[in-house]
Protein chains: 2
Amino acid sequence: MRLTQYLRALNALDTQGVERTSSGVLAEAAGVNPAILRKDLSLLGSYGTRGVGYVVRELADHISRTLGLDQDWRVLIVGAGNLGRALSGYAGFRSRGFHVKAMLDSDPDLVGHRVGELVVRDAAELGAVVTEQQINIAVLAVPGAAAQPLVDQLADAGVKSILSFAPHVIRAPRGVEVRRVDLSTELQILAYHAVRNDLETGQGPLSGLGTEA
Amino acid sequence: MRLTQYLRALNALDTQGVERTSSGVLAEAAGVNPAILRKDLSLLGSYGTRGVGYVVRELADHISRTLGLDQDWRVLIVGAGNLGRALSGYAGFRSRGFHVKAMLDSDPDLVGHRVGELVVRDAAELGAVVTEQQINIAVLAVPGAAAQPLVDQLADAGVKSILSFAPHVIRAPRGVEVRRVDLSTELQILAYHAVRNDLETGQGPLSGLGTEA
DNA sequence: CACTGTGAATGAGTTCACAGCT
DNA sequence: AGCTGTGAACTCATTCACAGTG
């Protein structure tokens, strides 16, 4: 999503005290082509001023609202392993309106332990926790095989947005958005490119193949 | 990269004792269209048998080689915070040929501490560590602002593949592949979709906008 | 005869280029 | 004069549909 990049660039400009900017400058900062930036923004309904450009603060606010960053997101982390714990403390979340409200694990040895300000609760309580904490986003930091059942349970509990770190293809129930981040896959893609570059120096016959994870 | 998904699906089939498969079955398992799967595989030079299908093990090996998973990847993790530590212990890495060989941090309080089997070393030693440990992939788990200088240093040291978790747009030096995983961005994209679905139920006027992070 | 490999058709997303405001 | 907003051209990826083959 390019909007997030624009927002970052705008915030950077804002901190620097810049009040107005143009598609050229902003596109440069966000690392994209000016034309597509203008198209995105116009599509978004945002009004720049012809001959002048965009008002930084105004545009930033507008994008923030569009991204839903003005509302509070209540996050549940499932899996209290290393990754889950790292995520719960991740600074970038809080500052953008994402609040980690609860943490679950199925391992009895972990249940009851403190992680930061949270106490790990039993995965069996999933439904109750979602309701009680009014969770609207879940993050799965669990082994691959555990992911699908959890997604189904979360969907039943009414969670419509899930970010999964499990290395498994997931069937998302209707109306539920699942995004996957697979760390091994990211490294594999790097490895793949490294091999290609070493062997062929440049574009071999294999291009495309969906560069996305 | 779809190859990684095919490989996962193939390995799953292999463990189940399945010896042969078809583009239909495999595509289903990988969650893609059979046509593109065949196109990918043919492009890759792999030979299936018309009227029969693909030999699971053979194809899996072939893809593994193409992805460079038969060679050893020596990984350096920069940043020994929560995320860095979680990554260093991530089980999915080792099993796919990625070996974390060293860990750096610039915080003197962390330098010298053990993390798993590693001892955290000073970020100032970056060049030396890369050479000595023959690092070929680096993972950045550092605050946003620190990323760009580190990428430049890594590039100078000869590292050509970098995975960054820093929330910053990065200028990749020539010949260096940088992939970014931005956790906040992932959540923002989810939040964005959640808002859209709530308000408009379905495809509003805003589609496209580069669904990739 | 079933299933691969692939040219041709479609479609999505990006870039160009310029008309239209301010 | 300068910069946005946008139709039209283009590029790249995906899907269709079928000829070719074991």
Side-chain angles (χ1 to χ4, degrees), chain A residues 1-6 9-10 13 18-56 58-60 62-63 66 189 192-193 196 202-213, chain B residues 1-6 9-10 13 18-56 58-60 62-63 66 189 192-193 196 202-213:
Chain A
M1 173 79 65
R2 287 181 299 265
L3 291 184
T4 60
Q5 307 185 44
Y6 304 159
L10 284 165
L13 288 175
V18 179
E19 290 182 4
R20 284 192 251 136
T21 189
S22 67
S23 62
V25 173
L26 199 51
E28 166 75 24
V32 302
N33 178 298
I36 202 161
L37 182 143
R38 291 200 299 277
K39 191 153 276 188
D40 286 348
L41 294 186
S42 77
L43 195 57
L44 192 149
S46 141
Y47 270 21
T49 313
R50 298 185 184 213
V52 179
Y54 302 91
V55 177
V56 173
E58 191 178 297
L59 185 55
H62 191 116
I63 295 181
T66 308
I189 294 172
Y192 169 76
H193 279 110
R196 289 262 84 68
Q203 300 285 41
L206 291 75
S207 297
L209 289 183
T211 131
E212 156 71 331
Chain B
M1 173 82 65
R2 285 181 300 265
L3 290 183
T4 60
Q5 306 185 45
Y6 303 160
L10 284 165
L13 289 174
V18 179
E19 290 183 5
R20 285 194 249 135
T21 189
S22 67
S23 62
V25 173
L26 197 51
E28 166 74 24
V32 302
N33 178 297
I36 202 161
L37 181 143
R38 290 201 298 277
K39 190 152 277 185
D40 286 348
L41 294 186
S42 77
L43 195 56
L44 192 149
S46 142
Y47 270 23
T49 315
R50 298 185 185 216
V52 180
Y54 302 91
V55 177
V56 172
E58 191 178 295
L59 185 54
H62 191 116
I63 296 181
T66 309
I189 294 172
Y192 170 75
H193 279 110
R196 289 262 82 69
Q203 301 284 42
L206 291 76
S207 296
L209 289 182
T211 131
E212 156 72 331

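Given the structure is predicted, the values throughout are model-derived calculations rather than measurements.
- Side-chain contact between A:R38 and A:Y54 is present, with at least one heavy-atom pair separated by less than 4.5 Å.
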For nucleotides 5-11 of chain C, 5' to 3', base contacts (B), sugar-phosphate-only contacts (S) and non-contacts (-) with protein non-hydrogen atoms under 4.0 Å give BBBB---
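- One distance of note links OG1 of A:T21 with CD of A:E28; it measures 10.5 Å at 0.5 Å rounding.
- Note that CZ of A:R2 and CG of A:L44 are 11.5 Å apart. Values are rounded to the nearest 0.5 Å.
- Nucleotide D:dT15 holds its P atom 11 Å from the CG atom of B:D40, rounded to whole Å.
- Distance CG (B:L3) to P (D:dA13): 14 Å, rounded to an integer number of Å.
- For the residue pair B:L26 and B:A9, the shortest heavy atom distance occurs at CD1-CB, 3.9 Å.
- Two residues are said to be in side-chain contact when any heavy atoms from C-beta on lie closer than 4.5 Å; B:T49 and B:R20 fail this criterion.
- Distance CZ (B:R20) to P (C:dC3): 11 Å, rounded to an integer number of Å.
- One interatomic measurement links the two molecules: CG of A:L26 to P of D:dC3, which rounds to 14 Å at whole-angstrom precision.
- A sub-4.0 Å separation between OP1 or OP2 of D:dA13 and a side-chain N or O of B:N33 is absent.
- Base pairing in DNA chain C gives the following stems of 3 or more Watson-Crick or G-U pairs, range against range and under 3.5 Å: C:1-22 with D:1-22.
- Within the structure, a side-chain polar atom (N or O) of B:S23 is placed less than 4.0 Å from OP1 or OP2 of C:dT4.
- Taken from CG in B:L3 to OG1 in B:T66, the straight-line distance is 6.5 Å, to the nearest 0.5 Å.
- At whole-Å resolution of the value, CZ in A:R2 and P in C:dA12 are 15 Å apart.
- Computed from coordinates, the A:L59 CG to D:dC3 P distance equals 16 Å when rounded to whole Å.
- Regarding A:I36, its CD1 atom lies at a distance of 11 Å from the P atom of C:dC16, rounded to whole Å.
- Note that NZ of B:K39 is 13.0 Å distant from OG of B:S23, once rounded to the nearest 0.5 Å.
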Show your reasoning for whether side-chain contact (heavy atoms from CB on, under 4.5 Å) applies to B:L59 and B:Y6. CA-CA 9 Å; B:L59 185 54; B:Y6 303 160; over 6 Å; no
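- In this structure the side chain of A:I63 reaches within 4.5 angstrom of the side chain of A:L41, judged on heavy atoms.
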